[in-house]
**Q** 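Attaching a single structure in structure tokens format; questions to follow.
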Amino acid sequence: MERGKFITIDGVEGAGKSTQIKFICEYLKTKGIHVVLTREPGGTEVGEKIRALLLSNSTGQMHADTELMLMFAARNEHVQNKIMPALERGDWVLSDRFTDSSYAYQGGGRGLDNSRIAQLELWVMQDFTPDMTLLLDVPVEIGMSRVESRGKKDRIEMEAMDFFDRVRQAYIARSKEFPDRIKLIDSSQTIEHTTEQIAVILDTL
Ligand code: T5A
């Protein structure tokens, strides 16, 4: 049995991940590929409980290291109990966010040293990485205005604009560091414009 492919989609708030995921799933289905759709933080029973703690406004302030370790605790459950078994069955896995989010939010946003994140990455993932990452890039003001039109913000969405500027810059830096894996996609225009770029990239898989 050939191992499935692991695709992740990432980006700042309101970049349009959830919107584009629907298209990606349909697109892959038309090619006869069985796709397991999942998300981070979350994707497993334990991971979803950790997600609720991380994103709830009632959680309040949390030390940046605690936040990072909770992201990786959820990721460990996710990799061990959901992603790996699916890939070994030959399914493809599409994850809404993955480790690049930790480098962007806890590294860029919170200012944690990338070497600490890399230590946890090595512990949880060894040399396992996504086959492809679709990085939807949008200026922070546009992304946040999309999120704001949706209503109530979660604990991380409550951060200031300069936090999200750092998050965006960290994503762009990651795309330069891993140009073969991370495909930077302009998501500042129409939904259709983003979809067209994604379709071209998926055809290369
Ligand atoms: N996190 C996560 C970390 O800090 N570290 C980690 O390691 C991980 C894994 C998770 C939070 O956790 C943090 C990052 C996040 O803060 P989430 O569930 O991924 O949160 O949710 P968000 O990223 O907040 O997802 P959003 O729903 O805000 O953004 P999406 O999915 O990118 O955007 P989407 O598709 O819901 O679109 C938002 C709105 O914009 C419209 C849509 O219709 C929708 O109304 N829209 C567009 N409008 C105009 N033009 C376009 N091109 C549009 N695309 C979408």
Side-chain angles (χ1 to χ4, degrees), residues 3-28 31 33-43 47 51 68 71-72 74-80 82-84 86-87 91-109 112 114 117-118 120-140 143 156 164 166-189 191 193-205:
R3 210 195 80 153
K5 289 201 187 292
F6 180 36
I7 303 173
T8 63
I9 183 162
D10 230 307
V12 291
E13 315 289 316
K17 294 177 287 88
S18 311
T19 307
Q20 298 298 332
I21 277 170
K22 293 181 197 124
F23 160 75
I24 297 167
C25 284
E26 286 307 313
Y27 185 87
L28 293 175
K31 291 183 175 278
I33 295 166
H34 187 261
V35 188
V36 174
L37 175 60
T38 188
R39 68 173 181 180
E40 287 210 347
R51 178 189 177 92
L68 177 70
M71 292 292 178
F72 271 94
R75 184 161 298 132
N76 189 58
E77 280 295 305
H78 199 201
V79 170
Q80 299 298 335
K82 189 164 185 182
I83 297 174
M84 287 298 193
L87 295 175
D91 291 342
W92 287 33
V93 176
L94 174 60
S95 183
D96 184 347
R97 296 193 179 279
F98 199 61
T99 308
D100 295 304
S101 284
S102 300
Y103 282 97
Y105 283 77
Q106 283 66 53
L112 291 183
N114 277 358
I117 304 174
L120 287 172
E121 184 181 21
L122 184 64
W123 185 4
V124 169
M125 325 238 305
Q126 284 123 51
D127 58 356
F128 175 67
T129 53
D131 294 293
M132 178 182 278
T133 296
L134 302 166
L135 174 56
L136 304 191
D137 179 54
V138 68
V140 169
I156 295 179
F164 295 108
R166 293 195 300 277
V167 169
R168 183 182 181 211
Q169 291 315 317
Y171 272 129
I172 292 170
R174 297 269 305 158
S175 73
K176 289 183 178 151
E177 195 178 347
F178 302 101
D180 291 341
R181 173 175 66 85
I182 303 181
K183 311 295 177 192
L184 189 70
I185 295 162
D186 171 23
S187 191
S188 65
Q189 299 182 46
I191 291 172
H193 181 255
T194 307
T195 306
E196 280 163 20
Q197 295 171 77
I198 291 175
V200 170
I201 292 167
L202 291 179
D203 274 338
T204 66
L205 273 168

**Q** Taking only residues two or more places apart in sequence or in another chain, which ones pass ring pair (Phe, Tyr, Trp, His ring centres under 6.0 Å) with Phe72?
**A**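 By the ring pair (Phe, Tyr, Trp, His ring centres under 6.0 Å) rule, Phe72 matches no residue at all.
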**Q** Could you pull out the closest heavy-atom pair between Ala104 and Ala170, with the gap in Å?
**A** CA-CB, 3.7 Å
**Q** Roughly how far, to the nearest 0.5 Å, is CE of Met84 from CG of Leu87?
**A**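 Taking CG in Leu87 and CE in Met84, the distance rounds to 7.0 Å.
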**Q** Establish, from distance only, whether the side-chain atoms of Tyr105 and Glu13 form a donor-acceptor pair under 3.5 Å.
**A**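 Indeed, the side chains of Tyr105 and Glu13 share at least one donor-acceptor pair under 3.5 Å.
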**Q** Is a side-chain donor or acceptor of Glu26 paired with a backbone partner of Lys22 at a separation under 3.5 angstrom?
**A**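 No; judged by distance alone, with no hydrogens or angles, the pair does not exist.
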**Q** Do Ile191 and Gln20 have side chains that approach each other closer than 4.5 Å (heavy atoms only, starting at C-beta)?
**A**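 Side-chain contact under 4.5 Å: yes.
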**Q** Nearest 0.5 angstrom please: Ser95 OG to Ile7 CD1, how far?
**A**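 Ser95 OG to Ile7 CD1: 11.0 Å, rounded to 0.5 Å.
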**Q** In Å and rounded to the nearest 0.5 Å, what is the CE to CG distance from Met132 to Asp180?
**A**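 Atom-to-atom, Met132:CE and Asp180:CG are 10.0 Å apart.
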**Q** Going through the distances and angles, do Leu120 and Gln106 end up as a side chain to side chain contact (heavy atoms under 4.5 Å, CB included)?
**A** CA-CA 12 Å; Leu120 287 172; Gln106 283 66 53; over 6 Å; no
**Q** Side-chain contact test, heavy atoms from C-beta onward, threshold under 4.5 Å: evaluate it for Thr99 versus Thr129 and give yes or no.
**A** no
**Q** For Ser175 versus Leu135, what's the shortest heavy-atom pair and its separation?
**A**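 Result for this residue pair: CB-CD2, 4.0 Å.
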**Q** With sequence neighbours left out, what residues match Phe6 under ring pair (Phe, Tyr, Trp, His ring centres under 6.0 Å)?
**A**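 Listed in chain order: Phe98, Phe128.
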**Q** Who passes side-chain hydrogen bond (donor to acceptor under 3.5 Å, both in side chains) against Asn76, sequence neighbours left out?
**A** none
**Q** Using salt bridge (charged side-chain N to carboxylate O under 4.0 Å, His left out) as the criterion, list what pairs up with Arg166, not counting sequence neighbours.
**A**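 Residues passing salt bridge (charged side-chain N to carboxylate O under 4.0 Å, His left out) with Arg166: Asp162.
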**Q** Which value, rounded to the nearest 0.5 Å, describes the distance between Asn114 atom CG and Ile117 atom CD1?
**A**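 Interatomic distance, Asn114 CG to Ile117 CD1, rounded to 0.5 Å: 5.0 Å.
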**Q** Where do Phe23 and Ala199 come nearest, in terms of heavy atoms and distance?
**A**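 Smallest heavy-atom distance, with atoms named: CZ-CB, 3.9 Å.
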**Q** Minimum heavy-atom separation for Asp96 to Lys17, with atom names?
**A**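 Heavy atoms only, the tightest pair is OD1-NZ, 2.9 Å.
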**Q** Considering only NZ, NE, NH1 and NH2 on the basic side and carboxylate oxygens on the acidic side, decide whether Lys31 and Asp203 come within less than 4.0 Å.
**A**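 Yes, Lys31 and Asp203 are salt-bridged.
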**Q** Given Val35 and Ile24, is the side chain to side chain contact (heavy atoms under 4.5 Å, CB included) satisfied, shown in steps?
**A** CA-CA 9 Å; Val35 188; Ile24 297 167; over 6 Å; no
**Q** Given Glu40, which of Arg97, Arg51, Arg75 fulfils the side-chain hydrogen bond (donor to acceptor under 3.5 Å, both in side chains) condition?
**A** Arg75
**Q** Does the side chain of Arg3 reach to within under 4.5 Å of the side chain of Asp131, using non-hydrogen atoms?
**A** yes
**Q** Mind checking ring pair (Phe, Tyr, Trp, His ring centres under 6.0 Å) for Phe178 and listing every partner two or more places apart, or none if nothing turns up?
**A** none
**Q** Do the side-chain N and O atoms of Thr194 and Gln189 include a donor-acceptor pair separated by under 3.5 angstrom?
**A**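 Absent: no donor and acceptor within the cut-off.
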**Q** The test is side chain to side chain contact (heavy atoms under 4.5 Å, CB included); show your working for Met71 and Ser101 and say whether it passes.
**A** CA-CA 9 Å; Met71 292 292 178; Ser101 284; over 6 Å; no
**Q** Will you find, in the side chains of Thr133 and Thr8, an N or O donor that is under 3.5 Å from an N or O acceptor?
**A**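 There is such a pair (donor and acceptor under 3.5 Å, judged by atom type) between the side chains of Thr133 and Thr8.
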**Q** Can you give me the closest heavy-atom contact between Gly109 and Val167, atom names plus distance?
**A** CA-CG2, 3.9 Å
**Q** Show the numbers, then the answer: is there a side chain to side chain donor-acceptor pair (under 3.5 Å) between Tyr171 and Asp137?
**A** CA-CA 8 Å; Tyr171 272 129; Asp137 179 54; over 6 Å; no
**Q** Do side-chain atoms of Lys82 reach the backbone of Gly43 as a donor and acceptor pair under 3.5 angstrom?
**A** yes
**Q** Can you give me the closest heavy-atom contact between Val124 and Gln80, atom names plus distance?
**A**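 Closest pair (atom of Val124, atom of Gln80, distance): O-NE2, 4.1 Å.
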**Q** According to side-chain hydrogen bond (donor to acceptor under 3.5 Å, both in side chains), who are the partners of Ser188, at least two apart in sequence or on a separate chain?
**A**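 With neighbours one apart ignored, the set is Asp186.
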**Q** Side chain to side chain contact (heavy atoms under 4.5 Å, CB included) for Arg181 and Asp100? Distances and angles first, verdict last.
**A** CA-CA 11 Å; Arg181 173 175 66 85; Asp100 295 304; 2.8 Å; yes
**Q** With rounding to the nearest 0.5 Å, note down the distance linking CG in Leu94 to CZ in Arg39.
**A**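 With rounding to 0.5 Å, CG (Leu94) is 13.5 Å from CZ (Arg39).
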**Q** When rounded to the nearest 0.5 angstrom, what is the spacing between CD1 in Ile201 and CD1 in Ile185?
**A** 3.5 Å
